[in-house]
Amino acid sequence: QVQLVESGGGLVQAGGSLRLSCAASGGTFSTYAMGWFRQAPGKEQEFVAAIKWSAGSTFYADSVKGRFTISRDNAKNTVYLQMNGLKPEDTAVYYCAATGRHIIVVVTSQYDYWGQGTQVTVSS
């Protein structure tokens, strides 16, 4: 059983930056592909970014491409989401997720484990 704990959320002004972290425990982190999703009030959960276990392959939603960067440190069992150029529309609860599939996964149903989420609020 894998446990995921996100941190790093908060309140930031538009144009600012935040770095989210997701610490994993209870499994072989280096074998899992990881993803970040977000859910804004009244909206469905949406894919943000994903990274393969080897960290050599990443994929982003068009809405964050060029502004967000996903990375991982397998030695620390942690995946990160660096968010630059934040916009008010980025406001949401951000979740990290893990899957045993060794591919990039953008669909929520294909992830096996989820964190509890961290709130990101961007003021205009």
Side-chain angles (χ1 to χ4, degrees):
Q1 188 75 9
V2 176
Q3 292 82 43
L4 303 174
V5 179
E6 301 97 334
S7 61
L11 174 64
V12 64
Q13 289 188 332
S17 298
L18 283 174
R19 188 176 81 155
L20 305 183
S21 299
C22 174
S25 61
T28 307
F29 176 77
S30 61
T31 66
Y32 287 89
M34 303 294 295
W36 286 97
F37 291 77
R38 65 187 183 186
Q39 187 167 21
K43 295 187 177 181
E44 293 188 354
Q45 197 172 48
E46 65 171 346
F47 169 78
V48 175
I51 187 167
K52 288 179 66 175
W53 67 273
S54 64
S57 181
T58 58
F59 186 75
Y60 298 91
D62 287 343
S63 58
V64 306
K65 199 174 297 182
R67 299 188 297 123
F68 290 11
T69 302
I70 187 171
S71 62
R72 66 189 296 162
D73 185 338
N74 287 340
K76 295 183 178 179
N77 288 355
T78 301
V79 64
Y80 304 97
L81 186 68
Q82 177 67 44
M83 305 186 294
N84 299 328
L86 282 162
K87 306 174 181 179
E89 52 263 44
D90 294 319
T91 295
V93 177
Y94 283 71
Y95 299 88
C96 72
T99 175
R101 296 169 175 81
H102 292 184
I103 57 173
I104 293 289
V105 178
V106 303
V107 179
T108 58
S109 61
Q110 294 186 359
Y111 279 88
D112 305 304
Y113 305 101
W114 291 83
Q116 82 290 347
T118 186
Q119 176 70 47
V120 171
T121 303
V122 185
S123 62
S124 57

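Val48 and Val122 end up in the same hydrophobic cluster when Ile, Leu, Val, Met, Phe, Trp and Tyr side chains are linked at under 4.5 Å. Note on Val93: it does not cluster hydrophobically with Tyr80, by side-chain heavy-atom contacts below 4.5 Å among ILVMFWY residues. A single hydrophobic cluster is seen to contain both Val120 and Phe68, as judged by linkage of ILVMFWY side chains at heavy-atom distances under 4.5 Å, directly or through other members. Val79 and Leu4 fall within the same hydrophobic cluster, defined by Ile, Leu, Val, Met, Phe, Trp and Tyr side-chain heavy atoms under 4.5 Å apart, directly or through other members. One hydrophobic cluster, built from ILVMFWY side chains closer than 4.5 Å, holds both Leu81 and Val2.
Summarising the geometry, atom CD belonging to Gln119 is positioned 11.0 Å from atom CD belonging to Gln39; distances are rounded to the nearest 0.5 Å. The structure places CD of Gln3 at 11.5 Å from CD of Gln116, a figure rounded to the nearest 0.5 Å. With rounding to the nearest 0.5 Å, the separation of CZ in Phe59 from CD1 in Ile51 is 14.0 Å. Of the inter-residue distances, the one linking Asn77 atom CG with Met34 atom CE reads 9.5 Å to the nearest 0.5 angstrom. Here the OG-CD distance, from Ser25 to Gln1, works out to 10.0 Å after rounding to the nearest 0.5 Å. One distance of note links OG1 of Thr69 with CE of Met83; it measures 11.0 Å at 0.5 Å rounding.
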Just list the side-chain donor-acceptor pairs under 3.5 Å for residues 102-109, sequence neighbours left out, or say none.
unit_1 : atom_1 : unit_2 : atom_2 : d
His102 : NE2    : Thr31  : O      : 3.1

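Within the 3.5 Å criterion, the main-chain N or O of Ile70 finds no donor-acceptor partner in the side chain of Thr58. No donor-acceptor pair closer than 3.5 Å links the side chain of Thr78 to the backbone N or O of Ala23. Side-chain N or O atoms of Asp112 include one that pairs as donor or acceptor with a backbone N or O of Gly100 at under 3.5 Å. The backbone N or O of Leu20 lies less than 3.5 Å from no partner atom in the side chain of Glu6, so there is not a single donor-acceptor pair. Using a distance-only test at 3.5 Å, with no hydrogens or angles considered, a donor-acceptor pair links the side chain of Asn74 to the main chain of Trp53.
Phe37 meets the ring pair (Phe, Tyr, Trp, His ring centres under 6.0 Å) test with Phe47, Tyr111, Trp114; sequence neighbours excluded.
Listed by first and then second residue, the side-chain hydrogen bond (donor to acceptor under 3.5 Å, both in side chains) pairs that reach into residues 9-23 are Ser17-Asn84, sequence neighbours excluded.
What you find for Ala40 and Thr91 is that their closest heavy atoms are CB-O, 3.6 Å. Of all the heavy atoms in Ser124 and Ala14, the pair that sits closest is CA-CB, 4.4 Å. Across all non-hydrogen atoms, the minimal contact from Tyr60 to Ala49 is CD2-CB, 3.6 Å. Contact record, Gly85 with Arg67: O-NH1, 2.9 Å, taken as the closest heavy-atom pair.
Atom NZ of Lys65 has more than 12 heavy atoms from other residues, nucleotides or ligands within 6.0 Å.
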